[in-house]
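In each ligand, atom 1 is the first atom listed, and ligand 1 is the first ligand listed.
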Amino acid sequence: MNIVTEINEWQAIRAELLNKSIGFVPTMGNLHGGHLSLCRRSKSENDLTVVSIFVNPTQFNQQQDLSSYPRTLEQDTELLLSNKIDFLFFPNTDAMYPDNYQIQITETDESLVLEGEHRSGHFNGVLTIVLKLLNLIQPTRTYFGEKDFQQFLLIKKMADALFLKSEIISCPTIRGEGNLALSSRNSRLNPQQKQRALNFPKLLHSSLSVSEITAKLKKRGFKVDYITEKWQRRLGAVWVDDIRLIDNVHKP
Ligand code: AMP
């Protein structure tokens, strides 16, 4: 695996890959089975796969969330090596934001609800970094998880609106014990919090109504940002103490 940290180094490599199909998996690291499922899909559909690891500061609306975000580069590199990924792109923040984030991509409708309502400016950060990465990597296909369903919709919308060349592909949510969606933030749950967190996927998958689910979650000590149905899905965001979890399922 070639680990590339400099933008101009990647651009020189990319210029030599003209006849290859390139699959791209953007991540913020602390890789788990969800990320690896995207990698496997990319490997099965492309000649080469590029994974990026970049903890994007502009999509965090709380400094505490950004500073506590798990950073596990050594372990991630091992995982990518054993999954036979061709390139790891690992740029630094200043290089990705030569403009100091004075240029931003804004969607003015669906970015303002759900995650956007509770995390002000979040999707500006997401769309801006994804556009920068797509412009640099120039992938044939780019892979995103359904776990972040609103994010996938908005990136697809941006790609269509701006005539981006990459195909934007969504992949199913990978779940672990008790159906809890795999997430980098799960590593911050202690055993008691993890046990409590399992109520979230269980209730989201149930045949209860949105208001019944919300009431039950609150009774079990969750702070509920939203439980709602939209885009043919049932989506939710909750807090287990100071750890925020999101998930969505097909509307029952
Ligand atoms: P992140 O590192 O959290 O920014 O996630 C990078 C990509 O992996 C995004 O497209 C996520 O939607 C996707 N992803 C994260 N968790 C899962 C999961 N449990 N199942 C499938 N995809 C996931």
- request: Taking atom types as modelled, find out whether N248 and E146 have a side-chain donor-acceptor pair closer than 3.5 angstrom.
  value: no
Under 3.5 Å donor-acceptor pairs involving side-chain atoms of residues 78-89, not counting sequence neighbours:
unit_1 : atom_1 : unit_2 : atom_2 : d
S82    : OG     : E78    : O      : 3.2
S82    : OG     : L79    : O      : 3.1
N83    : ND2    : L79    : O      : 2.8
D86    : OD2    : T49    : N      : 2.8

For ligand 1, list every N/O pair with the protein closer than 3.5 Å, one pair per line with the distance.
unit_1   : atom_1 : unit_2 : atom_2 : d
ligand 1 : 2 (O)  : M28    : N      : 2.9
ligand 1 : 2 (O)  : H35    : NE2    : 2.9
ligand 1 : 5 (O)  : H35    : NE2    : 3.4
ligand 1 : 10 (O) : G145   : N      : 2.9
ligand 1 : 12 (O) : G145   : N      : 3.2
ligand 1 : 12 (O) : G145   : O      : 3.2
ligand 1 : 12 (O) : D148   : OD2    : 2.6
ligand 1 : 16 (N) : L182   : O      : 3.4
ligand 1 : 19 (N) : I174   : O      : 2.9
ligand 1 : 19 (N) : L182   : N      : 3.4
ligand 1 : 19 (N) : L182   : O      : 2.8
ligand 1 : 20 (N) : I174   : N      : 2.8

query: Is the NZ or CZ atom of R233 positioned over F149's six-membered ring, under 6.0 angstrom from the centre and within 45° of the axis?
result: yes
query: Linking Ile, Leu, Val, Met, Phe, Trp and Tyr through side-chain heavy atoms less than 4.5 Å apart, which residues share a cluster with I103?
result: none
Atom pair CD (E115) and OG (S120), whose distance is rounded to the nearest 0.5 Å: 12.5 Å
Sequence-distant partners of F152, ring pair (Phe, Tyr, Trp, His ring centres under 6.0 Å), two or more places apart: none
